[in-house]
Amino acid sequence: MSLPSNKKAHVHLLMKHLIEVVASIVVGSAVAIISSFLYAVWIQLSPSLITSLVPRSITTPVAMDVSKTIGGVPTLTAVFVIITGITGSIVGPGMIRLLKIEKATAKGLMHGMSSHGAGTSRAFEIGDLEGTFASLAMITAAIITIILAYTIFPALQNELII
């Protein structure tokens with residue numbers, strides 16, 4: 001079984017930029033968790049709302065499971081994830097233009113990291129390479145967020161005692 005030539009080019013491009021791709025997704029996942037947590041604490045949300053909001057930047061089924069495990073309400077998490085995804089897929093293209101991002105890989109990573117499934121769908125509308133990298137970002141962000149939710153989030157909870 002072999003990959004079509006355009007997919008081989010995608011794999012080559014991924015391997016060429018593997019460190020940058022993984023680093024950007026790790027940082028994006030950490031920023032999503034920390035910013036969600038700090039914003040929720042700042043506006044004085046209840047502990048159950050905070051734990052429901054924290055995993056909002058990954059795909060819905062994974063986010064709901066993480067939410068349940070850390071003490072959140074999975075249905076609320078699903079709502080936060082959907083709002084995040086739709087907002088990202090609407091705002092994302094404008095941000096890409098505003099920031100003058102031209103590389104297809106960067107566009108895809110941005111869509112997949114910021115707005116998961118909705119962003120990945122939007123990225124495939126832009127192009128095959130953008131969609132491929134958005135898919136990669138969405139999947140990798142879910143894995144990384146699971147790890148970070150069980151390491152960073154408890155530390156934040158203990159420091160700010162929610």
Fill in: Residue pair R122 / S115, side-chain heavy-atom distance below 4.5 Å
no

Worksheet item: To the nearest 0.5 Å, how far apart are OG in S135 and CG in L109?
Response: 10.5 Å

Fill in: Shared hydrophobic cluster, I143 / V27 (ILVMFWY, side-chain heavy atoms < 4.5 Å)
no

Worksheet item: Quick one: are I152 and I34 in side-chain contact, heavy atoms under 4.5 Å?
Response: yes

Practice prompt. Compare every heavy atom of A149 with every heavy atom of I33, then report the nearest pair and how far apart it is.
Written response: CD1-N, 3.9 Å

Worksheet item: Considering only heavy atoms from C-beta outward, does the side chain of S67 approach that of F80 to under 4.5 Å?
Response: no

Worksheet item: Can you get from L49 to V54 by hopping between Ile, Leu, Val, Met, Phe, Trp and Tyr side chains that sit under 4.5 Å apart?
Response: yes

Worksheet item: Going by heavy atoms in the side chains, are V41 and I50 under 4.5 Å from each other?
Response: yes

Worksheet item: CD of E130 to CD of E125: how many Å apart, nearest 0.5 Å?
Response: 11.5 Å

Discussion item. Is there a path of hydrophobic side-chain contacts, each under 4.5 Å between heavy atoms, that joins M15 and V26?
Written reply: yes

Discussion item. Let me check something: do L18 and I144 share a hydrophobic cluster, defined by ILVMFWY side-chain heavy atoms less than 4.5 Å apart, either directly or through other members?
Written reply: yes

Worksheet item: Shortest non-hydrogen contact from M110 to I96?
Response: SD-CG1, 3.5 Å

Fill in: Partners meeting salt bridge (charged side-chain N to carboxylate O under 4.0 Å, His left out) with R56 (sequence neighbours left out)
none

Worksheet item: Where do Y150 and I70 come nearest, in terms of heavy atoms and distance?
Response: CE2-CG2, 4.1 Å

Worksheet item: Taking all non-hydrogen atoms of both residues, which atom of M113 and which atom of A141 are closest, and how far apart?
Response: SD-CB, 3.6 Å

Fill in: Spacing of CG belonging to L129 relative to CD1 belonging to I126, to within rounding of 0.5 Å
11.0 Å

Worksheet item: Cluster question for you: counting only ILVMFWY and a side-chain heavy-atom cut-off of under 4.5 Å, with indirect links fine, are M138 and V11 together?
Response: no

Practice prompt. Please step through side-chain contact (heavy atoms from CB on, under 4.5 Å) for the pair T59 and V81, ending with a clear verdict.
Written response: CA-CA 7 Å; T59 189; V81 170; over 6 Å; no

Worksheet item: Would you find a donor on one side and an acceptor on the other, under 3.5 Å apart, between the side chain of S52 and the backbone of L76?
Response: no

Discussion item. Quick check: closest heavy atoms across A142 and I58, and the distance to 0.1 Å?
Written reply: CA-CG2, 3.6 Å

Discussion item. Check this for me: L99, atom CG, are more than 12 non-hydrogen atoms of other residues, nucleotides or ligands nearer than 6.0 Å?
Written reply: yes

Discussion item. Counting C-beta onward and ignoring hydrogens, is there a side-chain heavy-atom pair between L14 and T105 closer than 4.5 Å?
Written reply: no

Worksheet, complete the sentence: The remaining residues in the hydrophobic cluster of I86, counting side-chain heavy-atom contacts under 4.5 Å among Ile, Leu, Val, Met, Phe, Trp and Tyr, are I82, I90

Response to the item:
Taken in chain and number order and not counting sequence neighbours, the residues that satisfy side-chain contact (heavy atoms from CB on, under 4.5 Å) with I43 are Y39, L45

Item to complete: Any chance you could lay out the side-chain contact (heavy atoms from CB on, under 4.5 Å) test for H111 and T120, step after step, and finish with the verdict?
Response: CA-CA 6 Å; H111 277 294; T120 299; over 6 Å; no

Fill in: All side-chain hydrogen bond (donor to acceptor under 3.5 Å, both in side chains) counterparts of S48, not counting sequence neighbours
S46

Worksheet entry | Test log, rule side-chain contact (heavy atoms from CB on, under 4.5 Å), inputs S114 and M95 | CA-CA 11 Å; S114 65; M95 289 299 295; over 6 Å; no

Fill in: All salt bridge (charged side-chain N to carboxylate O under 4.0 Å, His left out) counterparts of E20, not counting sequence neighbours
none

Worksheet item: Can you list the residues that meet the side-chain contact (heavy atoms from CB on, under 4.5 Å) rule with T151, with sequence neighbours excluded?
Response: L148

Discussion item. With a 3.5 Å distance limit and no angle check, can you tell me whether T77 reaches the backbone of M64 through a side-chain donor-acceptor pair?
Written reply: no

Worksheet item: Taking all non-hydrogen atoms of both residues, which atom of H116 and which atom of T84 are closest, and how far apart?
Response: NE2-CG2, 3.8 Å

Practice prompt. Report yes if the side chains of T140 and V22 come closer than 4.5 Å at any heavy-atom pair, otherwise no.
Written response: no

Discussion item. Are I25 and V21 packed together at the side-chain level, in the sense that at least one heavy-atom pair is separated by less than 4.5 angstrom?
Written reply: yes

Item to complete: Answer whether the closest heavy-atom distance between the side chains of F37 and L53 falls below 4.5 Å.
Response: no

